[in-house]
Structures are given as C-alpha cells and as structure tokens.
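This chain uses plain numbering: 1 for the first residue, then up along the sequence.
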Amino acid sequence: MTAKDFEARVIAWARQQPHIDALVLGGSRALPGSGADDWSDWDFHLFTSDPLRYQHPDWVKEIAPCWCVHAERTPRGVVKVSAVFEDGT
C-alpha cells in the first residue's frame, strides 16, 4: 500500500465513524518539504465525542489488518495508539 493509499484509507474510515469530529495529520508528513520519507511514521490525531470507544486499540483493525497495536495513556491523559499494519505501514 502506498502512502497515499494508506492516508486515503484512514480518511475513508474516519468519515464513516459517527462520533469522530475531526482527524488531523500532524508531524513530518503534514509539513511540506519536511523530509518525510517512506520510513516516516504517521501522526494522526483523532477528536471524538465518544472517547471510550477509542481507548481500546481494537478499532485500529477496522482500518487495515495489523501485526501489532498498542494503546497507552500519556501523562496528559490522552490515549496514544501505535500500530504496525500488515504491510509494515
């Protein structure tokens, strides 16, 4: 899956979720000319009116098959989800 394909898949998934208010791409991939390459990670920020639904990382598998997925609460109380998808994305 190309980077554009992956981004389109995440956006399409988010548009289908009734409780997602915003999906924001941050980090190096959001900055033109930042030097992001094929190895750069994706920093999506999900804003939702139903945070309990997204505290457990099983929802990530709705985007694409995963090799591994992990969720943890940051010191600021935000749930950070990290995932490695089947194709290495």
Ignoring hydrogens, what is the shortest heavy-atom contact between Arg9 and Ile63? Give both atom names and the distance. CD-O, 2.8 Å
Mind listing the closest non-hydrogen atom pair of Glu7 and Leu25 along with its distance? OE1-CD2, 4.2 Å
If you define the side chain from C-beta out and look only at heavy atoms, does anything of Thr48 sit under 4.5 Å from Pro51? yes
Set of residues satisfying side chain to side chain donor-acceptor pair (under 3.5 Å) with respect to His45, sequence neighbours excluded: none
Determine, using the 4.5 Å side-chain heavy-atom cutoff (strictly less than), whether Val60 and Trp67 are members of one ILVMFWY cluster. no
How would you list, by chain and number, every residue that makes a ring pair (Phe, Tyr, Trp, His ring centres under 6.0 Å) with Trp59, sequence neighbours excluded? Trp13, Tyr54
Over all atoms of both residues, closest heavy-atom pair of Arg29 and Ser40: NH2-O, 2.8 Å
Using distance only, find each side-chain donor-acceptor pair of residues 77-89 under 3.5 Å and give its atom names and separation, not counting sequence neighbours.
from, atom 1, to, atom 2, distance (Å)
Asp87, OD1, Thr89, N, 3.0
Asp87, OD1, Thr89, OG1, 2.7
Asp87, OD2, Met1, N, 3.3
Asp87, OD2, Thr89, OG1, 3.1

Under 4.5 Å between any side-chain heavy atoms of Glu62 and Gln17, yes or no? yes
To the nearest 0.5 Å, what is the distance between CG on Leu46 and CZ on Arg53? 9.5 Å
